[in-house]
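In what follows, a single structure is set out as structure tokens and then discussed.
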There are 2 protein chains.
Amino acid sequence: MYTIGQVAAMFDLPVSTIRYYDKAGLLPDIQRVSGIRQFSDNELEALRVIECLKKSGLEIKAIKQFMDWNQAGNETFGQRKTLFEKQMVAVEAEIASLEKVRAMLRYKQWYCTEAIKAGNEETVVAMVPDQMPTDIKQAYERSHI
Amino acid sequence: MYTIGQVAAMFDLPVSTIRYYDKAGLLPDIQRVSGIRQFSDNELEALRVIECLKKSGLEIKAIKQFMDWNQAGNETFGQRKTLFEKQMVAVEAEIASLEKVRAMLRYKQWYCTEAIKAGNEETVVAMVPDQMPTDIKQAYERSHI
DNA sequence: TTAATACCTAAACCTGACTTTAGGTCAAGG
DNA sequence: CCTTGACCTAAAGTCAGGTTTAGGTATTAA
């Protein structure tokens with residue numbers, strides 16, 4: 001059993017954020033002893049799932065919905081599974097999108113490096129896209145389609 | 001040359017968002033003909049960079065700063081390059097983080113599937129972590145460290 | 001000629017996710 | 001005893017990033 005302060009340190013979250021999650025219904029099973037929250041393994045796993053679902057793009061109220069399904073028991077495993085599948089698709093799309101962003105940054109980095117070398121931009125502009133190194137050309141194409 | 005409506009369609013952005021970006025100073029070179037914005041290749045590339053920097057985690061005012069560097073000319077290629085490098089690091093961290101999220105979702109998906117098969121949760125809980133398939137065990141470990 | 005459509009501005013409004021504030025309880029140490 | 005620190009609540013405040021509204025101009029199609 002942990003206090004809110006200990007959990008805040010573990011997850012590197014402000015105490016106020018954890019209270020906010022609790023108030024939003026994201027920690028439905030949490031016990032209290034004379035008003036003070038007692039965090040068990042159950043709550044630690046809940047916080048892990050909250051962070052995961054949040055990063056996958058879900059908003060707080062959708063996470064609350066998920067917690068309601070958790071509370072409801074065996075009947076809702078289908079819905080929970082569907083949610084995880086949906087968020088999996090979202091996360092893979094997000095990763096793909098960030099890989100495109102990475103390609104653009106790679107191209108832009110090269111561009112700046114060349115402009116610094118040349119002392120001007122025109123020389124570099126003249127190299128785009130046919131006189132670019134192969135890897136940069138690929139990055140350029142990935143980010144400009 | 002394109003109108004704001006055409007550009008909005010190209011980038012799948014609301015017209016109001018593009019006006020908001022312009023007002024924030026993110027399209028410093030944009031020309032107007034009797035008050036109406038004229039989007040050239042220059043602005044299309046600016047919008048591509050805006051989307052890229054936004055997705056990399058930069059806020060609007062930092063993008064505005066970047067556009068100021070663009071305006072300033074050759075002196076600022078160093079700063080721009082440094083920014084691209086910083087955002088590259090941020091994007092790679094974000095991808096790594098999303099890969100962890102993906103692992104958690106994978107584990108949770110398996111968990112729900114098994115719970116549906118078994119008709120109860122206890123059977124599945126008893127399998128964690130030693131009786132899980134290898135790939136799920138790996139996903140579990142990636143998401144629980 | 002008038003009606004629809006696309007453009008424009010300034011300013012108010014909205015939303016989500018926190019964060020801060022103000023006021024209070026309780027246990028331990030000096 | 002009293003002060004420090006960790007906990008608590010309700011409610012107000014904040015911030016980014018838009019979006020909506022209200023009011024106006026200009027061109028085109030019927």
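Chain letters run A, B, ... following the sequence lines, proteins first, then strands; residues in each count from 1.
Taking side-chain N and O atoms only, A:K23 has no distance below 4.0 Å to OP1 or OP2 of D:dT9. Taking 4.0 angstrom as the limit, A:Y21 places a side-chain polar atom (N or O) nearer than this to OP1 or OP2 of C:dC18. Residue B:T17 places at least one side-chain N or O under 4.0 Å from the OP1 or OP2 atom of D:dT19. The side chain of B:T3 places an N or O atom within less than 4.0 Å of a non-bridging phosphate oxygen (OP1 or OP2) of C:dC7. Considering only side-chain N and O atoms, A:R32 lies under 4.0 angstrom from the phosphate OP1 or OP2 of D:dT9. Between B:R37 and C:dT9, a side-chain N or O to OP1/OP2 separation shorter than 4.0 Å is present. Contact check, A:K54 against C:dC18: a side-chain N or O comes under 4.0 Å of OP1 or OP2.
Across the protein-nucleic acid pair, A:Q38 atom CD and D:dA6 atom P stand 17 Å apart, rounded to whole Å. In this structure, B:I18 places its CD1 atom 17 Å from C1' of D:dT20, rounding to the nearest Å. Atom CD in A:Q6 sits roughly 18 Å away from atom P in D:dG5 (whole-Å rounding). Atom CD1 in A:I30 sits roughly 10 Å away from atom P in D:dT9 (whole-Å rounding). One can place CG of B:L27 at 12 Å from P of C:dC8, the figure rounded to the nearest angstrom. Taking atom CG of residue B:L26 and atom P of nucleotide D:dA16, one finds them 14 Å apart after rounding to whole Å. Taking atom CZ on A:R19 and atom C1' on C:dC18, their separation rounds to 14 Å, with Å as the unit. When the P atom of D:dC8 is taken as reference, atom CD of A:Q31 falls 14 Å away, rounded to whole Å.
Using a 4.0 Å cut-off between charged nitrogen and carboxylate oxygen, B:E45 and A:K108 count as a salt-bridge pair.
Side-chain N/O atoms of A:E121 and A:Y111 include a donor and acceptor closer than 3.5 Å. If you check the side chains of B:E43 and B:S40, you find a donor sitting under 3.5 Å from an acceptor.
In this structure, B:F66 has its ring center closer than 6.0 angstrom to the ring center of B:F84. Note: B:F11 and B:Y21 fail the aromatic proximity criterion, with ring centroids not under 6.0 Å apart.
Place B:L58 and A:I36 on DNA chain D by their nearest nucleotides, and A:I36 ends up nearer the 5' end. Of the two residues contacting DNA chain D, namely B:Y20 and A:D22, the nearest-nucleotide position lying further toward the 5' end is that of A:D22.
Picking from D:dT20, D:dT9, C:dT9 the nucleotide with the shortest atom distance to the side chain of B:S16 gives D:dT20. Residue A:I4 places its side chain closer to D:dC8 than to any other of C:dC7, C:dA17, D:dC8.
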